[in-house]
Amino acid sequence: MESFFSRYRNVLVLITVLLAQVIGLAVQVRAPGQGPGDKGGVRLIRSWVVGLVTPPERLFRWTGHSIRGVWSDYIDLIHVRQQNRNLQTQLGQLRLEEDSLAEDARQGLRLQALLGFQEKYIYKTRAAQVIGTSGTEQSHVLFIDKGSDDGLRPDMPVITPDGIVGKTRDVFAHASQVLEISDPTSGAGVILANTRIRGVLRGNSWGQPQIVNVSPDERIKPGEPVITSGGDGIFPRGLAVGTVDKVVPDPEGTLVNVLIKPAANLSRLEEVLVITSTGPQLPSQMQDDLSQAEQKTADILAERLPSRTDPNAPAPASGSAANQTVTPATPDTGLPTEPPPPPPPQHPDRFSMGATPPAVDLVPGQQITSNSAARQTGGTTPNVAKPRASEDHHEGGATTSGSGASDSGSPQTAKPAPGQQGTARPHPANPGTKTSATPKSVPNPTPQGDN
Amino acid sequence: MALIATSRHEVGARSFPPLVYILAPLLALGLQSFLSLHFTSFDVIDLPLLITIYYGISMREPISATLVGAIIGIAQDALTHHPLGIFGISKAIVGYLAASLGVRIDTENHGSRLLLTFIFTLAQTGILWLLERRMLGQPFAWHWVHELIRAAANALLGVILFSLLDRTRREP
């Protein structure tokens, strides 16, 4: 017996070592749904190894950064001014875009509140440096220099400004392991931005992210953006994932896999952001930004667009239109408000607003002078109460002057045209011109079947 | 028969300073992790495997080589998200085979080192494929061209690395 052990000592040691590791593997492999991360001795071993390996990696990284910093901060400063100008221009454009998107964001929030949808917004992020990888082709993981002491926990999303990177897996005191979206064991809920097809993103055996088990759809085209759907409970909704690279058939069925070109450059990562906090409401900073943007948008609109007044508002105290104050719209009534009258001209002529008498008072062939027109209309009184219905019908026959219009333009016929609202809409901007005042083929504006 | 040594004592087992036994695997793991971050194609190189092979063929003690291979492999597993033992099993086997062959083959020759490293790299990938695909049911891509290129790259780098490590060993 002794000779057996001494003779096969090497093989027995090998078998023992292998058997111990196989048993260890069996213990570690858990049932699905048991959650990520290791426990007990396995976590301790990982922690020791990471603690031994990451310090030299930090040293390598610090050395490289220092050398690059000296070069880029003191030597390679060519084109910095031009780049700064370009960035300023870009910043201005982005501010304008922010203004235009602010109201949409508000509306989205209101709609989500109506639907009871709990959106997750990024509250807080933590910047981290990538200091290493697993070093193998079979495991697409990264190591970052922030850990539990910095507030990180497992299953936190890791992103870059370009797109998502992955999620934290094992978090140690001063380092964390990040499982990339290109790993076959990863998973993220995504949605195709144009076709709105949902799916699960995970890496294939070559390390390229793909949406697996998608029903064949001809609308899926290369270049279509892919964003996170928020359905996985880890990544907030709407983060960029990448674009569709190509669609390949699933080898194990009739479905297809959609290969994705990731938005974040997963092979050249240096800094990442770990989302440490999300919430159902917009963060306060973003709310402030939105409020400011909304205010700026309102100011711009107030400067560029004509104001609206409330017809039910009391008349101004003085008769001068210049002293009229603009009453803001009353959204509570839901009715359109009447625009304010234009200021009176200092020297009225026949082109001045309100100087021409209404079309119903005109006689075909009659010359109109500014004085007579002013006398007929009472000078500066703008014509804001005439219905538009008759004017709309005049447009069709305005080119022919002559007869046949005197009895058709009576005030009694100024009823709304078919298809219009029940109340006549005033049209102060078109007070009536000579051509429109001589209609020939004016149809009866009384709508058929309006009774 | 030029590669065959008459006995183990003819060539003699090599020994290294204790610091080398600790620093070389750690440096291999750290460099592997760091260089793969900056050079994506460095993934095909397996520095811990090269260290395991070198210890095996230099020490010529199958038990020691098995244990060293298992420890290096488990440390490499710890840097991945896989269960501990995948690389541990494969490198333990490779270490054992390298030490067993080191007893019988003249491993001082560059040609034999190149050939052994090429074969052991393929052997490790085969063991990994068995463990991951068949035992754990995980996806594992096997493409012959890629694996042959990978084995050749490791063999070439191994010859250079082994020559450097030869300088650290103690003279008998």
Side-chain angles (χ1 to χ4, degrees), chain A residues 9-11 13-14 16-18 20-30 36 38 41-42 45-50 52-57 59-61 64 130-143 169-170 177 179 183-185 203-207 266-270, chain B residues 26-48 61-67 69-70 73-89 92-93 95-97 99-100 128 131-132 135-143 146 150:
Chain A
R9 187 183 56 174
N10 296 340
V11 178
V13 169
L14 174 68
T16 305
V17 169
L18 296 183
Q21 293 188 80
V22 169
I23 292 171
L25 274 177
V27 171
Q28 293 173 71
V29 176
R30 296 178 298 270
D38 302 305
V42 176
I45 293 173
R46 288 192 197 275
S47 180
W48 285 346
V49 174
V50 170
L52 283 172
V53 170
T54 50
E57 286 178 342
L59 182 65
F60 291 146
R61 177 154 194 87
V130 181
I131 55 174
T133 67
S134 70
T136 66
E137 291 178 315
Q138 289 82 31
S139 179
H140 296 268
V141 298
L142 300 170
F143 284 94
R169 188 179 177 275
D170 281 327
Q177 194 182 53
L179 184 64
D183 192 88
T185 60
N204 60 13
S205 54
W206 286 103
L266 299 178
S267 59
R268 288 281 184 277
L269 287 171
E270 293 193 355
Chain B
L26 277 181
L27 204 61
L29 286 169
L31 280 176
Q32 181 74 40
S33 173
F34 182 75
L35 292 177
S36 298
L37 175 63
H38 297 282
F39 307 100
T40 310
S41 51
F42 198 82
D43 277 347
V44 299
I45 301 296
D46 194 341
L47 289 177
E61 287 285 346
I63 293 176
S64 303
T66 301
L67 293 175
I74 288 174
Q76 196 174 5
D77 279 322
L79 295 177
T80 70
H81 67 290
H82 294 155
L84 299 187
I86 302 284
F87 281 102
I89 291 174
I93 296 174
Y96 177 83
L97 293 176
S100 300
L128 288 175
L131 291 172
E132 291 223 24
M135 192 170 160
L136 299 179
Q138 298 288 337
F140 191 95
W142 179 285
H143 297 273
H146 180 73
R150 177 181 154 87

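Just so it is clear, the model here is predicted, and its values are computed rather than measured. Order of the sequence lines sets the chain letters (A, B, ...), proteins ahead of strands, with each chain counted from 1.
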Winner by heavy-atom pair count (cut-off under 4.5 Å) against chain A, out of B:Ile89, B:Thr40, B:Leu27, B:Thr66: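 Option with the top pair count is B:Ile89.
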Using a cut-off of under 4.5 Å for heavy-atom pairs, which of B:Pro48, B:Ser100, B:Ser33, B:Gly88 has the most such pairs with chain A?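 Among the listed options, the one with the most contacts to chain A is B:Ser33.
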Just by distance, do the side chain of A:Gln28 and the backbone of B:Pro83 share a donor-acceptor pair under 3.5 Å?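 Between the backbone of B:Pro83 and the side chain of A:Gln28 there is no qualifying donor-acceptor contact (under 3.5 Å).
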Backbone of B:Ile86 reached by a side-chain donor or acceptor of A:Gln21 within 3.5 Å: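 Checking the backbone N and O of B:Ile86 against the side chain of A:Gln21, no donor-acceptor pair under 3.5 Å is found.
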Measure up the B:Phe34 and A:Phe60 rings against each other and bin them: parallel (under 30°), tilted (30 to 60°), perpendicular (over 60°).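 B:Phe34 vs A:Phe60 ring planes: tilted.
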Take A:Phe143 and B:Leu37 through the side chain to side chain contact (heavy atoms under 4.5 Å, CB included) test and state the conclusion after the steps. CA-CA 10 Å; A:Phe143 284 94; B:Leu37 175 63; over 6 Å; no
Quick check: closest heavy atoms across [X] and [Y], and the distance to 0.1 Å?
X: B:His81; Y: A:Ser139; value: ND1-OG, 2.8 Å
X: A:Thr133; Y: B:Ser36; value: OG1-CB, 3.2 Å
X: B:Thr80; Y: A:Arg46; value: O-NH1, 2.7 Å
X: B:Pro62; Y: A:Asn10; value: CG-ND2, 3.4 Å
X: B:Ala92; Y: A:Val17; value: CB-CG1, 4.2 Å

At a 4.5 Å cut-off on heavy atoms, which part of [X] comes close to chain A: side chain, backbone, both, or neither?
X: B:Asp46; value: neither
X: B:Phe42; value: neither
X: B:His38; value: both

Spatial distance of atom [atom1] ([X]) from atom [atom2] ([Y]) [nearest 0.5 Å]:
X: B:Ile93; Y: A:Leu18; atom1: CD1; atom2: CG; value: 5.0 Å
X: B:Gln138; Y: A:Gln138; atom1: CD; atom2: CD; value: 11.5 Å
X: B:Phe39; Y: A:Arg268; atom1: CZ; atom2: CZ; value: 8.0 Å

For A:Leu14, which atoms come within 4.5 Å of any heavy atom of chain B: side chain, backbone, both, or neither?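 When you check distances to chain B, atoms from both the backbone and side chain of A:Leu14 fall under 4.5 Å.
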What residues form a side-chain hydrogen bond (donor to acceptor under 3.5 Å, both in side chains) with A:Ser134, not counting sequence neighbours?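 Expected list: A:Thr136.
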Counting heavy-atom pairs under 4.5 Å with chain B, which one of A:Leu269, A:Asp183, A:Leu142 comes out on top?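 Most pairs with chain B among the choices: A:Asp183.
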Of all of A:Val130, A:Leu52, A:Asn204, A:Val50, which one pairs up most often with chain B through heavy atoms under 4.5 Å apart?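 Among A:Val130, A:Leu52, A:Asn204, A:Val50, the one with the most close pairs to chain B is A:Val130.
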For B:Trp142, I'd like to know if atom CH2 has over 12 heavy atoms of other residues, nucleotides or ligands within 6.0 Å.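 Result for CH2/B:Trp142: enclosed.
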